[in-house]
Structures are given as structure tokens and as C-alpha cells.
Amino acid sequence: MLRIFNSHSGVLETFAPLDPPKLGIYVCGITVYDRCHLGHARSFVAFDAIVRYLRFSGYQVNYVRNITDIDDKMIAAALQNTEPVAELAQRMIDLMDRDLHRLGLAAPDAEPRATGHIAQMIDMIERLIAAAHAYPSGGDVYFSVRSDPEYGSLSRRGLDAMQPEDPDTERRKRDPLDFALWKAEKPGEPAWDSPWGRGRPGWHIECSAMSEHHLGESFDIHGGGVDLKFPHHENEIAQSRCGSPGEFARIWMHTGPLQASDGEKMSKSLGNQTVLSDVLDAHPAEAVYLFLLGAHYRSPMEYSDALIAEAARGLRRLYGALRAAPPGGSVIDSEVERFRTVMDDDFNTAEARSVLFDLARQINRESGGAARRAADLAATLRHLGGVFGLLQADPEDFLRRSGSGSGSGARESLNEADIEALIAERTGARSEGDFARADAIRDQLAAQGVVLLDSAEGTRWERS
RNA sequence: GGCUGAGUGGCAGAGUGGUUAUGCAGCGGAUUGCAAAUCCGUUUAUGCCGGUUCGAUUCCGACCUCAGCCUCCA
């Protein structure tokens with residue numbers, strides 16, 4: 001029985017999809033005016049793990065993640081780069097696709113772009129105006145916050161606590177709390193025809209319109225980072241509640257913030273974001289994913305390069321166990337049950353991860369002993385790692401890959417043939433009792449990032 | 001100031017009203033020609049003060065501290 005914390009109701013709820021086994025989930029993606037940072041990865045990895053687990057649990061998931069390709073930031077960035085907004089968007093989308101693919105994320109079933117859904121947004125705005133929840137004003141259209149008695153229910157905030165200051169639009173609003181659904185065209189900015197003249201959509205309306213278009217008026221889960229809870233999600237709810245008859249998203253899930261280990265949130269405004277592609281250059285993608293799985297998705301999480309390097313060492317441990325186990329084997333149901341029990345408890349990936357490590361220890365304990373048991377455990381470990389897209393590489397290949405460990409960088413100075421030749425030479429020296437020579441060779445290899453592992457069956461090697 | 005969440009061992013980070021999270025690091029032992037890997041063991045861990053309870057890290061209250069949000073943010 002899957003239970004999910006609904007951040008709208010504030011409690012754990014037993015999950016029951018609208019139309020099982022189908023399941024619709026909408027996640028707020030990024031505004032494509034810059035490269036992805038690690039904070040995006042945190043949220044996206046969380047939802048990747050969640051979607052993968054839901055599929056593993058038998059649901060037919062329709063995973064929609066939007067792309068915001070028109071807003072103030074887009075326009076400002078395009079202006080600064082002196083490139084058209086659409087070109088900037090496509091450039092950043094290509095980079096995002098590359099980064100997220102490298103990270104090993106499953107592609108969403110749909111990635112709707114705001115600029116591709118202008119008609120749907122205009123349609124919803126017209127409905128809101130007809131229902132007297134919105135009004136045109138000087139080429140803009142505003143949502144009337146006080147027309148929605150439930151406004152503030154998501155962020156648990158009273159209207160009195162909101163003190164917006166926006167001198168630009170203040171005069172055109174009837175109430176300072178109102179927010180823009182449509183913004184009148186300004187010179188040099190992208191604009192579309194609308195019943196209110198040329199202009200462009202406000203930020204929040206795109207998610208209301210696109211989620212309805214792709215998932216319907218009512219759907220199962222809406223997710224995003226906590227920093228979107230207010231105002232973005234609050235406004236989305238207001239728009240959809242007032243503009244559509246459906247109940248909109250039934251469960252809201254918010255991922256916690258990622259903070260640099262110096263204590264500050266990684267934030268675009270603070271300029272301390274860590275670019276995802278840089279992280280992926282320094283560490284194996286699986287290590288980054290495994291690291292991000294280490295904390296519950298709702299908890300704030302600290303990040304540093306050293307912590308990811310730690311996760312990489314943990315990943316080597318998992319692959320080391322897989323390598324040690326005999327092939328074959330069948331998945332052990334009781335271990336899968338353990339895994340499911342913790343994942344069913346609001347997707348506790350931290351506990352799920354500890355199941356993986358526990359399996360690794362069991363494998364290592366059995367190795368050399370009960371081969372059948374070790375094979376079964378390894379099959380289980382690979383099966384459960386696979387739920388997250390992890391541990392699917394050949395262990396030997398993974399461990400021999402440069403930089404799979406500490407992330408200390410690309411050290412490819414020796415090819416495999418060189419390494420094998422030196423190992424053969426060392427084996428000869430050892431058999432003759434020339435340990436000084438043997439150790440010299442080992443030190444030489446170590447200096448180039450190659451670690452030797454002697455055993456009764458011979459000498460293995462891997463890169464550190 | 002308001003709202004939300006959090007304070008766990010050297011670091012990161014889960015769970016739990018009484019019993020091992022897990023990972024990384026350290027230390028000791030086993031193993032090894034020596035290592036590495038691995039296994040076993042190990043280091044006064046639950047912010048502070050009260051309360052409820054046979055018993056609280058876990059529940060309740062106050063306090064302190066921190067983080068996020070309060071119309072740029074995953």
C-alpha cells in the first residue's frame with residue numbers, strides 16, 4: 001500500500017489513482033534561459049526515482065514535465081546574448097537533454113513547451129474572465145486573487161500576509177495581490193495575438209493550461225521544488241480551480257532544497273549554482289544519482305564535491321559486490337518486499353538505498369561460500385538497483401573505467417594491454433619471490449590510477 | 001515579522017515509545033608475502049529545558065539555532 005505525503009493536505013495519504021492502472025503526473029521543469037544546475041538534478045532525480053518506482057509497482061505512468069521557454073528571464077537573457085528568445089530556448093533545451101540523459105534520467109512521456117500552448121492558455125484565460133475570476137486591463141489580463149476564497153490553501157498563507165510590491169503593474173491591477181495571466185506586448189519582445197491584443201502569457205498560466213491539455217482537468221500527482229510552492233503552485237491551483245470544473249491535481253509533492261555545504265541554498269539569484277554538466281564531468285553519473293537518493297526527497301540536503309566523491313566510493317562497493325558474485329541467480333522475493341515496503345512509505349529512497357548496501361554486504365559475506373545464494377543476492381541487487389536505472393553496467397567495465405571512483409579526473413595514461421603486461425611481469429616476479437620488484441610495479445601502476453587486487457584466482461585490476 | 005520544515009555519532013543521512021539504519025572516514029582484528037578488496041568488531045549519536053509515560057531520540061509545551069518561502073528560483 002503506497003502512501004504519499006500530500007503537501008496540500010499536509011498529511012500522508014494512501015495513494016489511489018483516479019483511473020488505475022493509469023497514473024498522470026505533472027512536474028514543473030525548468031525555465032530554459034541557462035544550463036541545468038545540481039538543484040534541478042535533485043528534483044528531477046527525485047521524480048525520476050518516483051516515476052520509475054510507480055512503473056515498477058505496475059502503474060502505467062504518463063509523466064509530463066514542462067519547459068518554460070518564454071518569460072521575463074528568457075527575454076532578459078536573450079537580450080544580453082543578443083540572440084532570439086527561441087534560439088536561446090532551443091540551445092538550452094539541447095544542453096538540458098544532454099545533461100539529463102547523461103544523468104541517466106528516463107525521458108518524460110511529454111515535455112510540453114509554453115510557446116507551443118499559447119492557444120490553450122488563451123482559452124483558459126477567457127474562461128477565467130467569463131467566470132469573473134480575471135479581468136483585462138490595459139492590454140494585460142490579471143487574475144483576481146480575492147475572487148478565489150480558497151486562495152492560499154497550498155502555502156497556508158493568509159492574504160494579509162502577502163505584501164507584493166510591483167510598481168510596474170500596480171496601476172493596472174485592481175488589487176496589488178492580483179497576478180498577470182497575460183502581459184501586453186513590449187517593443188522587441190516575442191508576442192502572440194490574443195483577444196486582448198498582442199502579448200505573452202504570464203508564468204503560472206502555462207502549467208494550468210498544459211497540465212489540463214496533457215493530463216486532463218483532474219490528474220493524480222503534481223510535483224516540483226518547494227521553492228515553487230508559492231507563488232507558482234498557489235497561482236496554478238487558483239487558475240485551475242476557478243477556470244476548470246475538475247479537481248486539478250489530487251496530490252502535491254514538493255522536493256526539498258539542495259544546499260551547498262557552506263549552508264547556502266544553491267540559487268540562481270545568489271549565483272552559487274553548481275552547473276550539472278561540471279558535476280557530471282567530475283563524477284560518474286550513477287554516483288551523482290546515488291548521492292541524490294541518499295536523503296528523503298522532502299528533506300533539505302547538503303551538497304559538496306567531497307560528498308559526491310563519497311557516494312562514488314559507495315557505488316564502487318555495490319559494483320564490487322556484483323563482480324564478486326557468480327552469474328545467474330534469481331531475484332529473492334523477500335528482499336524485493338523489503339525494498340517495496342520502504343519505497344511505499346512516501347518513496348523513502350534513503351532506506352531503499354540502504355537495502356542495496358545491505359545486499360552488497362550479504363553478497364560479500366557469501367562469496368567463496370554459498371555460490372547459489374550469492375548469485376541470487378546479486379540478481380536481486382541488480383534488479384532493485386535497476387528500479388532507479390542503477391547498477392546495469394558490467395561491473396568489471398565500470399570498475400576499470402577511469403574516474404569511476406574519487407572523481408579525481410581522467411587518467412587514461414595506460415591502456416589495458418600495458419596494464420596486463422605489467423601485471424604479468426609482476427606475477428612472474430612474485431612467483432620468484434622478488435617482492436621488491438613486484439611492489440615496484442604495483443606502485444608504478446598505482447601512481448597512474450590503477451589498483452591491483454590479488455586473490456587466489458589471480459590478480460584483478462581497476463582504476464581508482 | 002508571517003508561514004513551512006528541520007536540529008541524530010567525525011561527516012552525510014534514515015528509522016523508531018523499550019531491540020543494528022545505511023554510506024564515507026577513523027581505530028582494532030581476520031585475510032594477504034606486504035597491500036588492496038572483503039568480512040568481523042569498534043568509537044559517551046539523538047540542540048536545550050520542562051511535561052506525559054514503567055520507559056522518549058521518537059508524543060506534548062517553551063526556548064535556542066538553522067534552512068526554505070513571503071510574487072526570479074527545481
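All chains are named by letter (A, B, ...) in the order of the sequence lines, taking the proteins before the strands, and each is independently numbered beginning at 1.
- The side chain of A:L258 lies closest to B:A74 when the candidates are B:A74, B:C11, B:G33.
- Look at A:N364 and you'll find a side-chain N or O under 4.0 angstrom from OP1 or OP2 of B:C39.
- Residue contacts shown for A:R437 are absent, as no nucleic acid heavy atom lies under 4.0 Å away.
- We find that CD of A:E206 is positioned 14 Å from C1' of B:C72, with the value rounded to whole Å.
- In this structure, A:R91 pairs ionically with A:E83, as a charged nitrogen and a carboxylate oxygen lie closer than 4.0 Å.
- Nucleotides B:G51 and B:U58 are separated by 15 Å at their C1' atoms, to the nearest Å.
- Using a 4.5 Å cut-off on side-chain heavy atoms (C-beta onward), A:S144 and A:R174 make no contact.
- Here the two rings, on A:H214 and A:Y26, have centers that are 6.0 Å apart or farther.
- Taking atom CG of A:L318 as the reference point, atom C1' of B:C24 lies 13 Å away to the nearest angstrom.
- One finds no salt bridge joining A:E206 and A:R113 here, because no Lys/Arg side-chain nitrogen approaches an Asp/Glu carboxylate oxygen to under 4.0 Å.
- Of the listed nucleotides (B:G15, B:A21, B:G33), B:G33 has the atom at the smallest distance from the side chain of A:A438.
- For the pair A:V27/A:Y63, a side-chain contact is recorded, criterion being any heavy-atom separation below 4.5 Å from C-beta on.
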Quick tally for nucleotides 2-7 of chain B: nucleotides whose base has a protein heavy atom under 4.0 Å get B, sugar-phosphate-only ones S, the rest -, giving BS----
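- Here A:D72 lies out of heavy-atom contact (under 4.0 Å) with every strand.
- In this model, the phosphate group of B:A35 is not approached by any side-chain N or O of A:R426 to a distance below 4.0 Å at OP1 or OP2.
- Atom C1' of nucleotide B:U71 and atom OH of A:Y142 are separated by 13 Å, given to the nearest angstrom.
- Across B:A74, B:U22, B:A12, the shortest atom-to-atom separation from the side chain of A:R361 is found for B:U22.
- Among the nucleotides B:G23, B:A25, B:C40, the one closest to any side-chain atom of A:F357 is B:G23.
- When the P atom of B:C24 is taken as reference, atom CG of A:L293 falls 16 Å away, rounded to whole Å.
- Counting to the nearest Å, the P atom of B:A67 and the CG atom of A:D227 are 16 Å from each other.
- Side-chain atoms of A:Q239 and A:N235 form no donor-acceptor pair, as typed in the model, at a separation below 3.5 Å.
- B:G9 and B:A21: their C1' atoms are spaced 13 Å apart (whole Å).
- The base of B:A74 lies outside donor-acceptor range of the side chain of A:R42, with no N or O pair under 3.5 Å.
- Within the 4.0 angstrom heavy-atom criterion, only backbone atoms of the sugar-phosphate kind lie near A:G29; the bases stay farther away.
- Along RNA chain B, the nucleotide nearest to A:L228 and the one nearest to A:M301 differ in position, and the one closer to the 5' end is contacted by A:M301.
- Rounded to an integer number of Å, the gap from A:Y319 OH to B:A37 C1' is 18 Å.
- When the P atom is compared between B:U16 and B:C60, the two are found 14 Å apart, to the nearest whole Å.
- Between A:S299 and A:H233, the one whose closest nucleotide on RNA chain B sits nearer the 5' end is A:S299.
- With respect to the salt-bridge test (charged N to carboxylate O, under 4.0 angstrom), the residues A:E462 and A:R400 do not qualify.
- Distance noted for atom P between B:C49 and B:C54: 23 Å (whole Å).
- Atom name P, nucleotides B:G61 and B:G5: the rounded distance is 12 Å, in whole Å.
- The shortest distance between the side-chain N/O atoms of A:R317 and the OP1/OP2 oxygens of B:G23 is below 4.0 Å.
- If you measure from atom OH of A:Y303 to atom C1' of B:A67, you get 19 Å, rounded to the nearest angstrom.
- Counting only residues at least two apart or in different chains, salt bridge (Lys or Arg N to Asp or Glu O under 4.0 Å) contacts with residues 286-299 of chain A comprise A:R298-A:D346.
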Dot-bracket assigned to RNA chain B with the 3.5 Å Watson-Crick/G-U criterion, [ ] for crossing and | for other-strand pairs, is (((((((..(((.....[...))).(((((.......)))))....(.(((..]....))).))))))))....
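- Under the 4.0 Å criterion applied to side-chain N and carboxylate O atoms, A:R3 and A:D344 are not assigned as salt-bridge partners.
- Using a cut-off of 4.0 Å between Lys/Arg side-chain N and Asp/Glu carboxylate O, A:D178 and A:R146 are scored as not salt-bridged.
- In this model, the phosphate group of B:U71 is not approached by any side-chain N or O of A:N235 to a distance below 4.0 Å at OP1 or OP2.
- Stacking of A:F435 onto the six-membered ring of B:G33 is present: less than 5.5 angstrom between centres, less than 30° between planes.
- Taking the six-membered ring for Trp, A:H8 and A:H222 have ring centres at least 6.0 Å apart.
- The distance from atom NE2 of A:H232 to atom C1' of B:C69 is 15 Å, rounded to the nearest whole Å.
- The minimum heavy-atom distance linking A:A374 with A:E366 is given by the pair CB-CB, 3.9 Å.
- The same atom, C1', is picked in B:G1 and in B:U53; the two are 38 Å apart, to the nearest Å.
- Spacing between B:A35 and B:U20 at atom P, rounded to whole Å, works out to 33 Å.
- Contact annotation: side chain of A:D454 to base of B:C34, donor-acceptor pair present below 3.5 Å.
- Side-chain atoms of A:E351 stay outside donor-acceptor range of the base of B:G15, with no qualifying N/O pair under 3.5 Å.
- Cation-pi geometry between A:R52 and A:F388 is not met: the NZ or CZ atom fails to fall both under 6.0 Å from the ring centre and inside 45° of the normal.
- Across all strands, A:R460 comes closer than 4.0 Å to no nucleic acid atom at all (heavy-atom distances).
- With hydrogens and angles ignored, a donor-acceptor pair closer than 3.5 Å exists between the side chain of A:R442 and the base of B:C34.
- For the C1' atom pair drawn from B:G15 and B:C27, the interatomic distance equals 27 Å after rounding to whole Å.
- Counting any heavy atom pair closer than 4.0 Å across all strands shown, A:G294 reaches sugar-phosphate atoms only and no base atom.
- A donor N or O paired with an acceptor N or O is found under 3.5 Å between the base of B:G33 and the side-chain atoms of A:D439.
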